[in-house]
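I have placed the structure first, in the form of structure tokens, so that the comments after it can refer back to it.
Throughout, numbering of the chain's residues begins at 1 and tracks the sequence. Because only heavy atoms are used, hydrogens play no part in the values below, and waters and symmetry mates are left out as well, while side chains stay in. Bear in mind the structure is a predicted one, so any value in this text is a computation, not a measurement.
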Amino acid sequence: MTLTAARKAIARAKGCADEVLGLVRQLGDARETEPLSRRYSAIMSQPIDFSGEESLLELRGELMMAVGRLVEVLRKDFLTVTNSRKSR
């Protein structure tokens, strides 16, 4: 991977992580010292209140989609083993 490609991959991952972080904060989790994965897990393990605010349901949906995008970027750009690395 070239330096330019690496910088682009890092920027994509950081953009996705920032989006997830913003949604986590909007959903009320302010535990800034906790790993993002734990904060996401805590939010998603809360029961869904269908009689509550619709905006909270929408934010949870947006959070799930944002985490999916982040995972895909990480998988594609950081976890994929190239053929040259497989043969080592």
Side-chain angles (χ1 to χ4, degrees):
M1 178 182 283
T2 67
L3 180 58
T4 301
R7 286 182 175 154
K8 287 179 182 179
I10 291 167
R12 277 191 301 273
K14 184 175 179 334
C16 289
D18 287 345
E19 180 184 10
V20 170
L21 182 58
L23 290 165
V24 164
R25 287 175 178 156
Q26 286 181 48
L27 285 162
D29 190 316
R31 299 173 299 152
E32 299 294 324
T33 59
E34 283 291 313
L36 196 51
S37 60
R38 285 192 189 148
R39 295 169 71 186
Y40 170 74
S41 180
I43 289 169
M44 298 313 291
S45 66
Q46 295 172 3
I48 298 174
D49 181 6
F50 290 104
S51 65
E53 290 184 44
E54 189 172 327
S55 63
L56 292 177
L57 294 174
E58 290 175 9
L59 279 175
R60 277 179 71 139
E62 288 178 35
L63 178 60
M64 286 186 351
M65 298 299 289
V67 167
R69 287 189 294 274
L70 174 59
V71 167
E72 183 59 23
V73 165
L74 294 175
R75 184 199 61 77
K76 179 178 158 260
D77 292 339
F78 296 93
L79 300 177
T80 303
V81 178
T82 62
N83 286 335
S84 62
R85 287 173 40 196
K86 284 181 186 176
S87 60
R88 289 183 186 177

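The CZ atom of R60 sits 8.0 Å away from the CG atom of L27 when rounded to the nearest 0.5 Å. Atom-to-atom distance recorded for L56:CG and E58:CD is 9.5 Å, nearest 0.5 angstrom.
Applying the side chain to side chain contact (heavy atoms under 4.5 Å, CB included) criterion to A13, with sequence neighbours excluded, gives V73, L74, F78. Legend: residues meeting side chain to side chain contact (heavy atoms under 4.5 Å, CB included) with R7, ordered by chain and number and at least two apart, are L3. Under the salt bridge (Lys or Arg N to Asp or Glu O under 4.0 Å) criterion, E32 pairs with R25, R39, sequence neighbours left out. A search for side chain to side chain contact (heavy atoms under 4.5 Å, CB included) contacts involving K14 returns D18, not counting sequence neighbours. Among residues two or more places apart in sequence or in another chain, the side chain to side chain contact (heavy atoms under 4.5 Å, CB included) test is passed with A5 by M1, T2.
Contact check on R75 versus E72 returns a salt bridge, with a Lys/Arg side-chain nitrogen under 4.0 Å from an Asp/Glu carboxylate oxygen.
Hydrophobic cluster membership is shared by L70 and M44, with clusters built from Ile, Leu, Val, Met, Phe, Trp and Tyr side chains linked at under 4.5 angstrom. Hydrophobic cluster membership is shared by V71 and L21, with clusters built from Ile, Leu, Val, Met, Phe, Trp and Tyr side chains linked at under 4.5 angstrom. Linking ILVMFWY residues whenever their side-chain heavy atoms come closer than 4.5 Å, directly or via other members, places M64 and L59 in the same cluster.
Within the 4.5 Å cutoff, the side chain of Q26 has no heavy atoms near those of the E62 side chain.
Minimum heavy-atom separation, L36 to A17: CD2-O, 4.1 Å.
Side-chain heavy-atom separations under 4.5 angstrom define the hydrophobic clusters, and the remaining members of the one that includes I48 are F50, L57.
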